[in-house]
Each structure stands twice: as C-alpha cells, then as structure tokens.
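To keep things clear, I will list the structure first and then write my remarks on it.
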Amino acid sequence: KVSRYIALNDFCRGKFIESGLPAARVVIKPNFVDWDEEPPLPGPPPAGQGGRRGLLFVGRLSVEKGIATLAEAMRQLPGAELRVAGEGPEAGLLDGIAGVTRLGNLPGDAVRLEMLQALAHVVPSIWYENFPRTIVEAYASGLPVIASRIGSLAELVTEGETGLLFEPGNVQDLANKLAWALAHPVEMMEMGRRARARFEAEFSPEVNYRRLMEIYGEAMAEQQAGTRDKIQGSRGV
C-alpha cells in the first residue's frame, strides 16, 4: 500500500531495489540544510595569516567512520593541521598526533564556523553511508570534501570538481590526497565554489521542497487514477 519510497541518492535506491522494493515506486530526494546565506570565499591566505586553512573532520569517532585510517594518514603528514569535531570510542586514536586538535562535540553554529575556515572536510568512512549531512553542510559553506570512494560517497563527491576521492581504508591514498589538497589551496578554493553551486542546485531548502511536493503530487495522482478505475470498474464501465 506504499505509493512511494524515498531514497537519498542513486546508490541507496539501487540497494533498496536489490532488496526487493518495486523500482517504479522508489524515487530520489536528497538531504538538505537551511544554510541559505552564501558564505564568504576568500582566496588562499599568505603564510601565517587568516583565511581558509587546514583540514576538518566532523562526526562520530567510531570504527565505521574510518578514524584509524585518518589517524595513520595524519601521522604521515608532519606540519598538517586537522581539527576534529565529535566524540566516540575511537577518539583515543587521534591523541598524540602532531597537528591534530580535538574540539569535542560542537553545536551547529560552531560547526559552520569551522567549515567556513577550513580548506577541506574529510569523510574517511569505511562503510556505506546513506547521505552524510556534513557533506551538505560543507557544500553550503563552500567547503570541498575529501571522501572515501565507497557507496553513496562516490556519488556525492565529484572527483576534481567538488572534492577528492580515495580508496576506503587506504592510508597512503588518503595521505596523498590530503597532502595534495594542502599544497594546492587555489584549486581547493575553486572546488569549494563548485561545491556551493551544487548545494544551490541540488541541496537547498527550496529545491528540496519542490522535489518533495513533486513526489506527493505523483503519489496522489496515481492513487486518484486508481480510485477512478475501481469506481468505473464497479459500475461496469
């Protein structure tokens, strides 16, 4: 009796269909955030001055989030800066690593401030993510994302356009991508601009609302058509 199932992206839709849901009833509507004010996008700062710099991780510090991979990659990058917002059972893996600053759990406004100041947001997950809200928040903040090439992440982050991708669990690959990002702030800033443009086109409240209303409209029209057919059939039409 369900008219529509809503998946967050193509990857999730495919998994639902593989599990037996009828393909014609599974539609896509992504997550969104209500950060509609366009963020400032400063150019790369001179050494020692303000502006976007360093790496950022926002999320639960747990096994599935790839914290071990992130910790080992940071050990290979002396001089790199990583700010970590979140808590969890894997938090201790980040202790004692030069350049890593643990911020604990932060409220939404503080997270956005961090995203407005960072050069790249790191999402090193080793499991299938549905649709991390932090990616949408990063895009809304004009912040490119460096993510694992796994599941929906490979769909949400476009290599060289809105961020960079690396093989999940591959410490060296992640370290290489982080090093490249830190060494190419101009290119990362341009990716941040494209990320903001993608937010406006796909993940803004207005776009999300229109898509949700389309889905309701389709479901209602289908039900109304089915009701008419039943009535006509009962009358022998």
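Heavy atoms only: backbone and side chains are in, while hydrogens, waters and symmetry mates are out. This structure is a prediction, so every number in the text was calculated from the model and none was measured.
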Restricting to side chain to side chain contact (heavy atoms under 4.5 Å, CB included), what partner residues turn up for E114, sequence neighbours left out?
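Only L56, R83, L103, L106 meet the side chain to side chain contact (heavy atoms under 4.5 Å, CB included) criterion with E114.
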Partners passing side chain to side chain contact (heavy atoms under 4.5 Å, CB included) against A219 (at least two apart in sequence or in another chain):
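Result, side chain to side chain contact (heavy atoms under 4.5 Å, CB included) vs A219: S3, R4.
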Between [X] and [Y], which heavy-atom pair has the shortest distance, and what is it?
X	Y	result
I126	G169	CG2-N, 4.0 Å
E202	P30	O-CG, 3.8 Å
A71	I97	O-CD1, 3.6 Å
P144	L119	CG-O, 3.4 Å
D34	P205	OD1-CG, 3.4 Å
F32	S204	CB-O, 4.0 Å

Would you mind listing every salt bridge (charged side-chain N to carboxylate O under 4.0 Å, His left out) that reaches into residues 134-148, with sequence neighbours excluded?
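For residues 134-148, and leaving out neighbouring residues, the salt bridge (charged side-chain N to carboxylate O under 4.0 Å, His left out) pairs sorted by first residue read R133-E137.
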Of all pairs that satisfy salt bridge (charged side-chain N to carboxylate O under 4.0 Å, His left out), the ones with a partner from residues 70-80, not counting sequence neighbours:
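Of all non-adjacent pairs touching residues 70-80, those that pass salt bridge (charged side-chain N to carboxylate O under 4.0 Å, His left out) are E72-R75.
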Under the rule for salt bridge (charged side-chain N to carboxylate O under 4.0 Å, His left out), what residues qualify as partners of [X], not counting sequence neighbours?
X	value
E161	R194
E87	R102
E155	none
R13	none

Any chain of hydrophobic side-chain contacts (each under 4.5 Å) joining [X] to [Y]?
X	Y	answer
Y139	V111	yes
L182	L94	yes
L113	V58	no
M74	W180	yes
V171	L164	no

Criterion side-chain contact (heavy atoms from CB on, under 4.5 Å) on L61 and L93, from CA distance to verdict
CA-CA 9 Å; L61 305 181; L93 296 179; over 6 Å; no
From [atom1] ([X]) to [atom2] ([Y]), nearest 0.5 Å:
X	Y	atom1	atom2	answer
L55	L77	CG	CG	8.0 Å
R211	I6	CZ	CD1	8.0 Å
M188	R53	CE	CZ	15.0 Å
M191	H184	CE	NE2	9.5 Å
L178	D173	CG	CG	9.5 Å

Give a yes or no on this: more than 12 heavy atoms of other residues, nucleotides or ligands lie within 6.0 Å of atom CG of D109.
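Incorrect, the count does not exceed 12.
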Would you sort out whether I67 and F57 count as a side-chain contact (heavy atoms from CB on, under 4.5 Å), showing the intermediate values?
CA-CA 10 Å; I67 304 305; F57 172 91; 3.6 Å; yes
Could you list the donor-acceptor pairs under 3.5 angstrom formed by side chains in residues 146-154, with sequence neighbours left out?
from: S148; atom 1: OG; to: P124; atom 2: O; distance (Å): 3.3
from: S148; atom 1: OG; to: S125; atom 2: N; distance (Å): 3.3
from: S148; atom 1: OG; to: S125; atom 2: O; distance (Å): 2.7
from: R149; atom 1: NH1; to: E167; atom 2: OE2; distance (Å): 2.4
from: S152; atom 1: OG; to: E129; atom 2: O; distance (Å): 2.6
from: S152; atom 1: OG; to: N130; atom 2: O; distance (Å): 3.1

Show every donor-acceptor pair shorter than 3.5 Å between a side-chain atom in residues 16-29 and any protein atom, with sequence neighbours excluded, or say none if there are none.
from: S19; atom 1: OG; to: K15; atom 2: O; distance (Å): 2.9
from: R25; atom 1: NH1; to: V2; atom 2: O; distance (Å): 3.0
from: K29; atom 1: NZ; to: N208; atom 2: OD1; distance (Å): 3.1

Kindly state each residue pair satisfying ring pair (Phe, Tyr, Trp, His ring centres under 6.0 Å) with at least one member in residues 66-109, sequence neighbours excluded.
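Not a single pair qualifies under ring pair (Phe, Tyr, Trp, His ring centres under 6.0 Å).
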What pairs of residues pass the ring pair (Phe, Tyr, Trp, His ring centres under 6.0 Å) test when at least one of them lies in residues 109-138, not counting sequence neighbours?
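Applying ring pair (Phe, Tyr, Trp, His ring centres under 6.0 Å) to every pair that reaches into residues 109-138, excluding sequence neighbours, yields F11-Y128, F131-F203.
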Trace of the side-chain contact (heavy atoms from CB on, under 4.5 Å) decision for R193 with M189
CA-CA 6 Å; R193 292 184 176 88; M189 291 297 301; 3.9 Å; yes
Side chains of T101 and E81, heavy atoms from C-beta outward: is any pair under 4.5 Å?
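Side chain of T101 against side chain of E81, heavy atoms only: no contact under 4.5 Å found.
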Thinking salt bridges, do R196 and E200 make one under a 4.0 Å N-O criterion?
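A salt bridge is present here (some side-chain N lies under 4.0 Å from a carboxylate O).
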Could you go through the side-chain contact (heavy atoms from CB on, under 4.5 Å) check for K65 and L70 one step at a time?
CA-CA 9 Å; K65 297 297 185 178; L70 179 60; over 6 Å; no
